[in-house]
Amino acid sequence: MAQTQQTAPTPPPSEQHPWGNLHQWGMVVDIDLCTGCQACVVACQAENNIPLNDEPAYQQRRPKEWIRVERYWEGEFPDVKARFLPVLCQHCQNAPCEPVCPVYATYHSADGLNVQVYNRCVGTRYCGNNCPYNVRFFNFWEPEFPEPLGSQLNPDVTVRSKGIMEKCTFCIHRLNRAKRDEERTGRAMRDGDVQTACAQACPTNALIFGDWNDQNSRINRLRNDPRHYTMLETLGTEPVVVYLKKVDPNALPEELEETRGGGQSGALSGS
Amino acid sequence: MQERYDLAPAEVNRDLLHFPLHTPLWFWLVIMVLGAILGAGVLAVTAMIIVGLQPLGYNNTTYWAVLITNFVFWVGISHAGVMISAILRLSQAEWRRPVTRAAEGLTVFALATAAIFPLIHAGRQWRLVYWFMPYDFSRGIFPDVRSALIWDPSAIFTYLTSSALFVYVALVPDLAVARDSTTGWRNRFYSLTALGFHGSARQWRFQAIAGILLSALILPVFVSVHTIVSFDFSMALLPGWHTTVFGPYFVIGAVHSGVSAVATLMAVLRRIFHLERYITPDHFDALGRLLVVVATAWLFFFMMDFYFGIFMQEATEIAVWQLRIFQMPYTVLFIIFILASYVIPVPIWLFRKARRSIAVMFWTSLLVNVGMWLERYILIVPPLSAKQPWTFTWNEVYHPQPIEWLLVLFSFALVCSGILLFSKIFPIIPLFDIKEGQILKRTVRIGRATVPAVIRE
Amino acid sequence: MALHSGGAAPTDVVRVTPEYAAQDLSSRPSRSSGLFWIALLILAVVGVIGLVALVREGAAGPEPRARWGYIVAIAAFIFSTFQAAPALAFMTRLAKGFWGISLRRAAELGAVGGLVSTPIFLVALRQLPTWEGRRSVWFGWPNAPQFYDGLFFITLAVLGLAILYVSCIPDFAAMRYLRGRGLGRALSLGWTGTQKQWTVLSAGIVVLGGLYLMTYAVLTVFLVSDMAMSLVPGWGSSVFAPYHGVSSLQAGIATTLLIAGVLRASGGMRPYLRLDSFWSAAKPLLATSLLFFYFTWMELMIPWYGKTPREQAMLELMMFGPYMWMFITAFVCCFVLPFLLLIWNPIRVSIRGPIFVAAIIAFGIFIDRMRIYAASWLVSGLPPNPPEMEPGHLPPVYVPALPEILVIVGALAAVGALYLLATRLVPAMSMWETQYGLLLKVEEPFMRTEIAVVAKPR
């Protein structure tokens with residue numbers, strides 16, 4: 001298919017920053033490795049003090065899953081296959097959620113993150129409407145952590161009250177801690193030093209977090225993989241999360257020739 | 001045939017000031033009922049502030065639904081005032097005379113009611129000052145002018161201010177008459193508000209010029225307000241929202257529902273205040289003809305939205321239209337909407353006899369507004385449910401909760417009580433306009449026929 | 001307050017009465033000056049040259065397709081100006097305004113533009129690229145769009161001429177009565193002006209006018225989608241057809257004013273076209289200029305805010321890339337200048353002012369139509385699905401060559417020639433409506449001034 005090959009996001013040139021060299025955080029998600037185990041979802045819930053998604057939450061269609069694993073069924077019985085697609089905030093460089101917030105509660109930071117400012121948010125929810133990936137969540141109620149779950153909360157992460165939008169932050173508290181460690185020890189961050197909770201928990205290393213600005217980072221090496229694409233390219237959101245297509249070993253020879261890398265999981269790859 | 005009644009100025013004063021000066025029993029009963037609904041609404045809003053937005057039906061993808069529909073609906077209705085007062089005043093249409101103040105009053109109260117809704121359904125209502133006040137209340141950050149939600153309050157408050165001014169400028173001569181017809185505390189109130197108007201040539205000239213200037217200046221506001229409300233939707237990337245025709249489509253829809261609301265209002269006022277000699281079938285005839293033109297233009301814009309939505313043959317946009325038309329319960333809502341907004345009323349309005357029947361006009365105009373409320377709902381909610389084909393959103397149909405319907409009822413009660421109280425304090429039919437119409441009346445003899453005429457200003 | 005209706009300038013010494021109108025106007029078609037014949041000759045010759053050029057272009061085939069953009073543009077310009085005028089005449093009838101009376105016939109005569117634009121459109125329809133895999137409003141129906149578009153173009157032209165004819169019947173009858181037999185008078189169909197005939201005529205004009213307006217609106221949608229939007233990858237703007245329609249309304253008013261200016265200057269219609277007509281037409285001219293801005297803003301703002309690559313490429317092609325200067329010129333001429341000029345009372349409340357502004361607007365619409373269709377046909381070779389346009393990679397602009405210029409100039413000249421010919425048949429001022437207006441609008445003294453009393457029969 002003669003489609004415009006979407007290259008991995010081009011980070012802006014780094015400037016001198018009081019904390020050190022500027023990073024451009026990003027992620028690579030290798031769908032070929034994803035088994036759909038949802039360890040990333042659990043890790044994210046635990047790390048970021050996300051309230052319990054109990055049955056009423058699901059029945060009201062209001063569960064908060066900052067990273068969710070979408071499941072697509074392919075084929076007819078008995079050749080049915082499940083395809084998994086982890087979806088998290090894409091931290092788009094051209095984020096549709098940013099210009100629509102009336103109070104600047106969401107903005108793009110210098111290190112490439114789409115930042116949500118909890119104490120500024122008045123909860124108009126326009127950002128949630130405009131996000132095409134549906135990765136923004138609104139707190140419809142005051143969160144409750146029945147004992148002893150209160151003891152498990154992460155002290156580095158704010159517990160959001162009712163009326164506020166929240167979403168994946170690329171574990172910004174971990175990034176901030178890594179920067180403080182840099183200052184304290186004088187040793188620069190290396191690729192792999194800081195990990196988001198989901199990437200850390202993934203048993204198959206399908207989620208790889210890194211710095212696009214670091215030429216030697218793992219994600220930069222994966223950028224050249226011919227399987228790469230970004231989700232919903234036609235919307236022009238320019239995500240910093242790059243996906244690698246699944247290789248389907250059962251694909252027919254013609255399909256294999258046509259699409260280098262084989263079949264794709266989900267309807268949301270490419271255009 | 002044209003019915004033109006000969007109305008002496010004293011008669012006009014007596015008839016039109018009757019309700020402000022005398023209070024019938026039904027007034028207190030209606031106030032009590034409306035007050036009860038308003039109280040319930042205030043309780044509901046308080047509950048939303050204390051408990052959070054959990055009682056509403058909103059969910060992870062559908063973050064805006066019934067309350068925003070209601071907001072757009074009332075902003076739409078508020079466009080009647082300018083359409084009738086300003087445009088008809090500038091084009092010197094005689095039939096506007098009894099209708100202008102009721103339409104302007106409807107505008108002001110509809111707008112004020114509409115403005116409440118985005119405010120109460122924010123997540124943290126106590127921090128609203130970050131949003132609509134153009135000042136850096138915290139950390140030196142001003143509101144973000146890139147957002148359509150900032151253009152909204154600017155447009156609505158501008159419109160509210162200019163409509164209020166418009167009503168007031170047109171009210172001043174009547175307040176002077178009221179002042180001269182009353183004693184006691186009423187006299188003190190009317191003296192204060194009449195601003196010393198005593199009908200000199202100079203004052204009349206200023207009042208007329210002010211009216212014309214405001215009419216001309218409010219026209220751009222009229223077009224831009226609902227366009228800016230439409231920007232809330234068309235600036236977003238959602239298929240079904242991101243379409244260029246929303247600006248004019250919303251405006252013409254606003255005129256459609258607004259003028260219908262004025263027709264409803266006039267029918268009600270005529271009945272409860274016994275204004276048969278002031279609001280005649282002629283006025284409904286003219287309103288009906290205007291509505292046919294406006295409704296057809298609205299249908300054209302709706303067809304543009306539909307046609308060019310599916311023209312691009314994009315799967316996501318077609319999915320939204322399929323949801324709107326073929327999925328229950330949106331199918332039923334869609335059919336009701338099309339029938340109620342155009343297919344039933346407009347063919348009825350093509351017939352003179354139907355246009356001149358007050359009952360027919362009342363019911364058809366009410367039907368139009370039912371259809372237009374549904375139109376806003378169908379426009380806003382399905383695209384939110386079907387943004388992109390993700391599997392784990394499972395949100396095809398939105399379920400509104402009772403508290404949302406209570407708030408919708410609250411908005412109707414708010415507008416009704418606003419207009420009722422307004423007509424209790426100020427005469428709802430402009431006295432000076434009626435008297436001016438009497439002075440400008442003439443007849444012309446052409447051959448053997450005597451044709452009613454009017455002095456062209 | 002001072003009265004402005006009528007507003008006789010000091011040089012207008014002729015007071016029009018129904019009898020004067022009848023005598024003067026019925027003799028106009030047979031009283032043509034030398035200037036008239038010279039103009040007709042020149043325009044006819046240029047028109048024929050244009051026709052020959054069109055035939056040769058048609059024979060030369062579709063490639064390079066970009067040149068057809070200019071040819072379609074001039075047909076669309078005629079569609080927007082002369083063919084929009086009868087729709088406006090109908091709207092003034094609906095609004096029952098007296099100011100429109102003196103302009104109505106001149107507007108309805110614009111239907112002759114249909115005789116020029118329709119052949120051009122029919123030829124251009126055959127040059128469209130294949131419909132395989134293209135977006136269209138026709139859902140893959142057989143022979144779409146040539147058959148259906150062609151049908152609508154022909155219908156519009158026929159309806160326009162029908163409206164013109166029906167509204168001329170009483171005038172033909174009057175000319176037969178006053179001037180004896182002749183070709184035009186034979187067309188009066190034995191009209192005698194009974195009550196029943198008048199009722200049928202009025203109803204007929206309203207029905208035909210309504211049909212014309214609806215056909216015009218629908219045809220606008222088909223024209224912009226088939227001849228412009230379908231050709232441009234990634235362009236699916238729903239406001240564009242209304243934009244085209246509203247700017248056509250503006251152009252129609254402007255054209256009518258320009259024709260009225262010519263009629264007043266050298267057509268001998270000075271006593272009929274007084275300040276009132278021009279001043280009252282200036283108000284909708286101002287309103288439609290503001291609407292031009294409004295619709296252009298919709299077309300621009302929403303794709304610009306959306307920032308998707310397809311929208312950005314479309315904006316670059318149509319507004320901010322190679323055709324930027326045309327866009328700016330059209331915007332200035334259709335909105336900025338008319339707005340700034342018409343809000344100023346001395347210009348709006350005058351005769352020359354609205355005419356001057358109308359000329360600016362006509363020029364602006366001309367440039368605008370060129371921009372739209374030339375840009376669309378420039379990229380018409382690109383496959384639209386999936387979109388192949390990328391920001392920064394547009395084909396080079398095609399500059400019109402002599403054949404296209406001949407067609408453009410020839411088409412305009414042909415319309416002018418046909419218009420002049422039509423005025424040989426029927427006066428460019430409606431006799432019966434002028435008399436009707438004079439009967440219903442009486443000027444009488446009131447206190448210390450003179451007022452106009454306007455009768456409103458139901």
Side-chain angles (χ1 to χ4, degrees), chain B residues 1-2 90-94 146 148 205 208-209 216 219-220 223-224 227 230-231 234-237 242-249 251 282 285 289 293 296-297 300-301 303-314 317 440 442-447 449-457, chain C residues 1 3-5 91 94-95 97-98 134-137 139 213-214 217-218 221 225 229-230 234-243 245-246 283 287 290-291 294-295 297-303 305-308 310-311 343 384-385 439-442 444 446 451-458:
Chain B
M1 297 307 128
Q2 282 178 307
L90 288 176
S91 59
Q92 295 169 351
E94 276 300 302
R146 294 176 300 168
R205 213 170 77 232
I209 293 175
L219 281 180
V223 172
S224 58
T227 307
S230 83
F231 283 168
S234 54
M235 292 299 158
L237 278 183
H242 192 61
T243 179
T244 46
V245 82
F246 266 16
Y249 175 52
V251 173
D282 269 352
D285 188 5
R289 278 181 289 133
V293 173
T296 310
F300 177 70
F301 280 101
M303 295 310 303
M304 290 298 102
D305 181 24
F306 174 70
Y307 238 11
F308 287 98
I310 60 179
F311 172 80
M312 289 298 278
Q313 290 173 15
E314 261 174 69
E317 181 96 30
L440 294 180
R442 285 286 183 279
T443 55
V444 165
R445 289 194 62 88
I446 303 173
T450 308
V451 184
V454 71
I455 296 177
R456 171 64 73 219
E457 291 172 56
Chain C
M1 234 187 290
L3 181 68
H4 293 291
S5 68
M91 287 199 236
L94 274 188
F98 286 95
R134 271 182 197 276
R135 308 177 318 263
S136 84
V137 294
F139 303 111
L213 187 58
M214 288 196 294
V218 170
V221 176
S225 81
M229 221 181 275
S230 297
W235 190 18
S237 166
S238 45
V239 84
F240 197 71
Y243 158 79
V246 166
K283 288 184 247 184
L290 287 166
L291 285 175
Y294 176 65
F295 281 91
W297 190 248
M298 293 299 115
E299 179 72 20
L300 198 163
M301 175 90 172
I302 286 150
Y305 199 95
K307 290 207 190 89
T308 62
R310 247 195 327 217
E311 287 169 329
I343 54 176
N385 288 327
L439 284 176
L440 287 181
K441 192 164 157 188
V442 175
E444 62 183 46
F446 180 76
I451 51 164
V453 177
V454 169
K456 303 215 163 206
R458 205 24 107 200

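Chain letters run A, B, ... following the sequence lines, proteins first, then strands; residues in each count from 1.
Residue C/Phe98 does not touch chain B at all, counting heavy-atom pairs closer than 4.5 Å. Using a 4.5 Å cut-off between heavy atoms, B/Phe306 does not touch chain C at all. Both the backbone and the side chain of B/Phe311 come within contact range of chain C, with heavy atoms under 4.5 Å apart. Interface residue B/Phe301: only side-chain heavy atoms are found under 4.5 Å from chain C. Contacts of B/Val444 with chain C are made by side-chain atoms alone, with heavy-atom separations under 4.5 Å and no backbone atom involved. Proximity to chain C (any heavy atom under 4.5 Å) is restricted, for B/Ile310, to the side chain, taken from C-beta onward. Only the side chain of C/Val442 comes within contact range of chain B, judged by heavy atoms closer than 4.5 Å.
For C/Val246, the side chain to side chain contact (heavy atoms under 4.5 Å, CB included) test picks out C/Leu291, C/Phe295, with sequence neighbours left out.
For the set C/Val454, C/Leu439, C/Val218, the entry with the most heavy-atom pairs within less than 4.5 Å of chain B is C/Val454. For the set C/Glu299, C/Lys283, C/Lys307, C/Met229, the count of heavy-atom pairs under 4.5 angstrom toward chain B peaks at C/Met229. With respect to chain C, the highest number of heavy-atom pairs below 4.5 Å among B/Ser91, B/Pro248, B/Gly247 belongs to B/Pro248.
A pairwise comparison of heavy atoms in B/Met312 and C/Gly236 identifies SD-CA, 3.4 Å as the closest pair.
C/Leu440 has its side chain within reach of B/Ile446: a pair of non-hydrogen atoms, C-beta onward, lies under 4.5 Å apart. Using a 4.5 Å heavy-atom threshold, the side chains of B/Leu90 and B/Leu219 count as touching. Counting heavy atoms from C-beta on, the side chains of C/Ile302 and B/Phe231 come closer than 4.5 Å.
If you take OG1 on B/Thr227 and CE on C/Met298, they are separated by 5.0 Å, rounding to the nearest 0.5 Å.
Between the side chains of C/Ser237 and B/Thr244, at least one donor-acceptor pair of N or O atoms lies under 3.5 Å.
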